[in-house]
Asks: 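Got a structure here, written out as structure tokens. Questions coming.
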Amino acid sequence: MKIYPKTSSSFEGLDKLMPYVDKDKGIELQFFNENGNMSRFEIKDVIERLMSKIPDLKEITIHPPLELYEIECIISKDINIIKEQLHLMVELTKKYNIKMNIVYHTLINFDAHKELTLDKIGELLKIIEGENVLILLENIFMFFEKKCTVYEIADYFNHPNLRVCFDICHLHCRANINKQDIEDYAKTYLDSSLCKKYTYQVHFSYTKNNDGYVDKKTHGRMHPNNEELRKDLKLLGDYGMNKCNYITEVSEENYGLRKDQINELRMLNEEVL
């Protein structure tokens, strides 16, 4: 398991996270809607500035803007936006000898994808086939699916450049919305064989107060202690997701100091060493 911190495309608080970046040589970058919804955003300049700061970096995951950037939205607006991103990432991996991944959410279920996007996703995979680039589809917490759609898509293609970013907080949200115990809900929603086969990375954080969806301050927080953190690690391990990259995706009050994420990184490293 590799454990990577997460920061923004402006590197907010990066200096505080550097001991953990240095440890496993990887990071995730969150981009934002600076140019409007479903628009292009600047990747090349950000990666070049990051590599000048950390020239021995080995892996970078790009997280596009959080709102209205689901893969089906971008495909519907202009698939060339994603094609350009993927071509650029291939170029950057060769220039810097690094691995790059890009995460996309999806709001629609597998049946809708069969009608709307699967042929287009196939086009995208041809761009990165054999390259050091992955598309990572991330599970969400809205209720448009019975089974976890992103694993269904990954299994449909069974392609080495298409994998899953599994968000443990989103699983908790779904269980809480459904008023179900997390372990019972996971049994109906997840297939352990698919999780083990297709999960490349985990977004790791805590869900407070059996919520995560009503009060946004309960979503994606720092685990309060090692005991609670171990519970989520065990659940992920039960579904074969204990060998993946783990990204500490922690919301907090001061992103310049990154105190909560640093505590999450410390506890996580304590538990997996």
Side-chain angles (χ1 to χ4, degrees), residues 2-70 81 85 88-89 92-93 95-96 98-105 134 136 138 140 165-170 201-208 212 215-224 229 245-269:
K2 294 178 181 177
I3 301 171
Y4 296 161
K6 181 169 182 174
T7 185
S8 66
S9 56
S10 62
F11 313 145
E12 198 172 8
L14 177 59
D15 56 328
K16 307 294 191 302
L17 298 170
M18 278 307 301
Y20 295 100
V21 178
D22 287 338
K23 176 180 172 290
D24 285 331
K25 309 298 183 187
I27 197 164
E28 180 168 307
L29 299 177
Q30 177 68 60
F31 289 76
F32 299 98
N33 286 332
E34 295 171 351
N35 299 311
N37 291 328
M38 292 184 279
S39 61
R40 289 166 172 84
F41 57 91
E42 178 57 51
I43 294 176
K44 186 174 183 179
D45 177 65
V46 172
I47 299 304
E48 289 182 339
R49 286 190 291 110
L50 181 65
M51 293 307 299
S52 70
K53 289 176 176 289
I54 318 172
D56 60 345
L57 204 59
K58 298 301 181 187
E59 184 166 10
I60 300 170
T61 295
I62 291 172
H63 198 305
L66 295 169
E67 296 181 5
L68 291 177
Y69 222 90
E70 290 75 25
I81 293 174
Q85 291 169 346
L88 176 60
M89 289 169 65
L92 291 169
T93 61
K95 178 178 180 178
Y96 293 108
I98 57 172
K99 184 175 186 64
M100 291 191 70
N101 320 303
I102 187 162
V103 177
Y104 294 103
H105 294 176
L134 294 181
L136 303 177
E138 181 176 345
I140 57 156
C165 170
F166 186 78
D167 191 310
I168 183 68
C169 178
H170 293 173
Q201 74 171 36
V202 168
H203 275 162
F204 192 75
S205 64
Y206 182 65
T207 310
K208 294 175 66 174
D215 180 358
K216 294 299 183 183
K217 290 187 176 181
T218 65
H219 185 99
R221 308 301 293 199
M222 175 192 77
H223 284 83
L229 185 141
N245 292 351
Y246 274 50
I247 313 293
T248 46
E249 191 180 50
V250 175
S251 301
E252 53 191 317
E253 307 309 318
N254 190 322
Y255 288 96
L257 296 178
R258 299 281 180 184
K259 287 183 178 180
D260 287 354
Q261 187 177 177
I262 289 169
N263 278 328
E264 186 83 348
L265 285 160
R266 175 185 55 77
M267 288 188 289
L268 185 55
N269 276 279

Asks: Are Leu17 and Leu265 packed together at the side-chain level, in the sense that at least one heavy-atom pair is separated by less than 4.5 angstrom?
Replies: yes
Asks: Quick check for you: to the nearest 0.5 Å, what is the distance between Asn245 atom CG and Leu136 atom CG?
Replies: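 Answer rounded to 0.5 Å: 9.0 Å.
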Asks: Step by step, work out the side-chain contact (heavy atoms from CB on, under 4.5 Å) result for Lys95 and Glu48.
Replies: CA-CA 10 Å; Lys95 178 178 180 178; Glu48 289 182 339; 2.9 Å; yes
Asks: Tell me whether Lys217 at atom NZ has more than 12 heavy atoms from other residues, nucleotides or ligands lying less than 6.0 Å away.
Replies: no
Asks: Quick check on side-chain contact (heavy atoms from CB on, under 4.5 Å): which of Lys6, Glu252, Glu264 does Arg258 satisfy it with?
Replies: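 Between Arg258 and the candidates, side-chain contact (heavy atoms from CB on, under 4.5 Å) is satisfied uniquely by Glu252.
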Asks: Take Glu253 and Arg221, measure what salt bridge (charged side-chain N to carboxylate O under 4.0 Å, His left out) needs, and give me the verdict at the end.
Replies: CA-CA 10 Å; Glu253 307 309 318; Arg221 308 301 293 199; 2.8 Å; yes
Asks: Checking side chain to side chain donor-acceptor pair (under 3.5 Å) against His105, which of Glu67, His170, Glu138 comes through?
Replies: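 Of the listed options, the one satisfying the test is Glu138.
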Asks: Go through Phe32 and Tyr69 one step at a time and tell me if the side-chain contact (heavy atoms from CB on, under 4.5 Å) criterion holds.
Replies: CA-CA 10 Å; Phe32 299 98; Tyr69 222 90; over 6 Å; no
Asks: Is the side chain of Asn35 donor-acceptor paired with the backbone N or O of Arg40 at a distance under 3.5 Å, no angle test?
Replies: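 The answer is yes, because a donor-acceptor pair under 3.5 Å joins these two groups.
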Asks: Checking the side chain of Gln30 only, and the main-chain atoms of Pro64 only, is there a donor and an acceptor separated by less than 3.5 Å?
Replies: yes
Asks: Check whether any side-chain heavy atom of Lys16 lies under 4.5 Å from a side-chain heavy atom of Gln261, and answer yes or no.
Replies: no
Asks: Quick one: closest heavy-atom pair of Ile262 and Tyr20, and the distance?
Replies: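 Answer, listing the atom of Ile262 first, then Tyr20: O-OH, 4.1 Å.
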Asks: Is Lys25 reaching over with its side chain to a backbone N or O of Asp22, donor-acceptor style, under 3.5 angstrom?
Replies: yes
Asks: Report the distance from atom CD of Gln201 to atom OH of Tyr246, rounding to the nearest 0.5 Å.
Replies: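 Answer rounded to 0.5 Å: 11.5 Å.
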Asks: Check the angle between the aromatic planes of His223 and Phe204 and answer parallel, tilted or perpendicular using the 30° and 60° thresholds.
Replies: parallel
Asks: Is the shortest side-chain heavy-atom distance between Leu88 and Lys44 below 4.5 Å?
Replies: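 With C-beta onward as the side chain, the pair touches.
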Asks: State the OG1-CG distance between Thr61 and Leu29, to the nearest 0.5 angstrom.
Replies: 8.5 Å
Asks: Is it true that a side-chain atom of Glu12 and a backbone atom of Leu14 form a donor plus acceptor pair closer than 3.5 Å?
Replies: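 Flag not set: sc Glu12 to bb Leu14 has no pair under 3.5 Å.
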Asks: Grab the two heavy atoms, one from Leu92 and one from Ile43, that are nearest each other, plus how far apart they are.
Replies: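 Distance-wise, the nearest heavy atoms are CD1-CG2, 4.2 Å.
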Asks: For the CD1 atom of Ile60 and the CD1 atom of Ile54, what is their distance to the nearest 0.5 Å?
Replies: 8.0 Å
Asks: Which atom names give the shortest non-hydrogen contact between Glu59 and Tyr4, and what distance separates them?
Replies: OE1-OH, 2.8 Å
Asks: Looking at every non-hydrogen atom in both residues, tell me the closest pair between Tyr104 and Gln85 and how far apart they are.
Replies: OH-OE1, 2.5 Å
Asks: Would you give the length of the straight line joining atom CD1 of Ile47 to atom CE of Met100, rounded to the nearest 0.5 angstrom?
Replies: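 One finds 4.0 Å between CD1 of Ile47 and CE of Met100.
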Asks: Tell me whether Lys2 at atom NZ has more than 12 heavy atoms from other residues, nucleotides or ligands lying less than 6.0 Å away.
Replies: no
Asks: When you look at NZ of Lys259, are more than 12 heavy atoms from neighbouring residues, nucleotides or ligands closer to it than 6.0 Å?
Replies: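 No, the 6.0 Å shell around NZ holds no more than 12 heavy atoms from other groups.
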Asks: Just so I know, are the side chains of Glu28 and Ile62 near enough to count as touching, which here means a heavy-atom distance under 4.5 Å?
Replies: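 A side-chain contact under 4.5 Å is absent here.
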Asks: On a heavy-atom basis, which atom in Asp260 and which in Ser251 lie closest, and how many Å separate them?
Replies: OD2-O, 4.3 Å
Asks: Out of curiosity, Leu66 CG to Leu68 CG, how far, rounded to the nearest 0.5 Å?
Replies: 11.0 Å
Asks: Under 3.5 Å, side chain of Asp24 to main-chain N/O of Gly26, donor-acceptor pair present?
Replies: no
Asks: Please name the pair of heavy atoms, one in Pro65 and one in Asn33, separated by the smallest distance, quoted to 0.1 Å.
Replies: CB-OD1, 2.7 Å
Asks: Before giving the answer on side-chain contact (heavy atoms from CB on, under 4.5 Å), spell out for Asn263 and Met222 the whole-Å C-alpha distance, their side-chain angles and the decisive distance to 0.1 Å.
Replies: CA-CA 7 Å; Asn263 278 328; Met222 175 192 77; 3.3 Å; yes
Asks: Would Ser205 and Glu249 satisfy side chain to side chain donor-acceptor pair (under 3.5 Å), going step by step from the backbone distance to the final call?
Replies: CA-CA 6 Å; Ser205 64; Glu249 191 180 50; 5.6 Å; no
Asks: Would you call Tyr255 and Thr7 a side-chain contact if the rule is heavy atoms closer than 4.5 Å?
Replies: no
Asks: Could you check whether the rings of His203 and His63 sit parallel, tilted or perpendicular, using 30° and 60° as the cut-offs?
Replies: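 The arrangement is parallel - the two ring planes meet at less than 30°.
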Asks: Give the C-alpha distance, both sets of side-chain angles, the deciding distance and a yes or no for side-chain contact (heavy atoms from CB on, under 4.5 Å) between Ile27 and Leu50.
Replies: CA-CA 10 Å; Ile27 197 164; Leu50 181 65; 3.9 Å; yes
Asks: Taking C-beta and beyond as the side chain, do Pro224 and Tyr206 meet within less than 4.5 Å on heavy atoms?
Replies: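 When only atoms from C-beta onward are counted, Tyr206 and Pro224 do touch, with a gap below 4.5 Å.
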